[in-house]
Trainee: 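Below: one structure in structure tokens.
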Amino acid sequence: MESFADRTCACADKKDISCAQDVVDDLVKFASQNQHVHGDETKTKAADERIAMCLLRAGLDPNQLRSKLQDLGK
């Protein structure tokens with residue numbers, strides 16, 4: 001998750017929405033393939049918060065993000 005956070009924040013630094021969307025797509029794919037894997041919850045939560053903040057800084061529409069994350073439930 002920290003790797004995803006680093007990638008997302010790099011997109012935000014460039015204000016690159018396309019880059020941020022690619023990271024979200026990769027994250028959704030990773031999460032769907034690793035649904036039963038559990039790691040350090042504290043580190044994961046911190047990385048999740050960084051990802052969310054950087055996605056917003058990159059300019060990703062929160063509704064679009066919500067829509068992509070809903071794909072995980074399918």
Side-chain angles (χ1 to χ4, degrees):
M1 293 304 293
E2 291 174 0
S3 172
F4 285 110
D6 292 342
R7 286 179 54 203
T8 305
C9 292
C11 297
D13 291 343
K14 299 182 284 185
K15 298 289 186 198
D16 188 342
I17 294 172
S18 176
C19 173
Q21 290 171 331
D22 289 343
V23 176
V24 170
D25 290 341
D26 291 347
L27 178 58
V28 169
K29 182 178 177 182
F30 173 82
S32 68
Q33 293 173 343
N34 296 282
Q35 291 179 356
H36 302 291
V37 175
H38 299 284
D40 183 324
E41 290 184 26
T42 302
K43 286 184 180 180
T44 299
K45 183 177 178 182
D48 288 348
E49 290 173 1
R50 278 185 60 216
I51 290 168
M53 297 213 9
C54 289
L55 286 172
L56 294 175
R57 274 195 12 237
L60 190 67
D61 179 353
N63 292 322
Q64 185 179 21
L65 175 59
R66 193 173 302 115
S67 174
K68 287 185 178 276
L69 295 178
Q70 285 177 346
D71 291 343
L72 289 174
K74 295 179 182 175

Trainee: Tabulate below the donor-acceptor pairs under 3.5 Å that side-chain atoms of residues 36-46 make, not counting sequence neighbours, or state none.
Mentor:
unit_1, atom_1, unit_2, atom_2, d
Asp40, OD1, Thr42, N, 2.9
Asp40, OD1, Lys43, N, 3.1
Thr44, OG1, Asp40, O, 3.0

Trainee: Any side-chain heavy atom of Met1 sitting closer than 4.5 Å to one from Leu27?
Mentor: yes

Trainee: If two hydrophobic side chains count as joined below 4.5 Å and joins carry through other members, does Ile51 share a cluster with Leu56?
Mentor: no

Trainee: With salt bridge (charged side-chain N to carboxylate O under 4.0 Å, His left out) as the rule and sequence neighbours excluded, what pairs involving residues 3-21 come up?
Mentor: Asp6-Arg50, Arg7-Asp26, Asp13-Arg57

Trainee: What are the two closest non-hydrogen atoms of Ala12 and Cys54, and how far apart are they?
Mentor: CB-O, 3.2 Å

Trainee: What pairs of residues pass the disulfide (SG to SG under 2.5 Å) test when at least one of them lies in residues 11-49, not counting sequence neighbours?
Mentor: Cys11-Cys19

Trainee: Residues in side-chain hydrogen bond (donor to acceptor under 3.5 Å, both in side chains) with Asn63, at least two apart?
Mentor: Arg66

Trainee: Which residues pass the salt bridge (Lys or Arg N to Asp or Glu O under 4.0 Å) test with Asp22, not counting sequence neighbours?
Mentor: none

Trainee: With Ile17, which residues qualify under side chain to side chain contact (heavy atoms under 4.5 Å, CB included), at least two apart?
Mentor: Gln21, Leu60

Trainee: Restricting to pairs with a member in residues 7-32, which pass ring pair (Phe, Tyr, Trp, His ring centres under 6.0 Å), not counting sequence neighbours?
Mentor: Phe4-Phe30

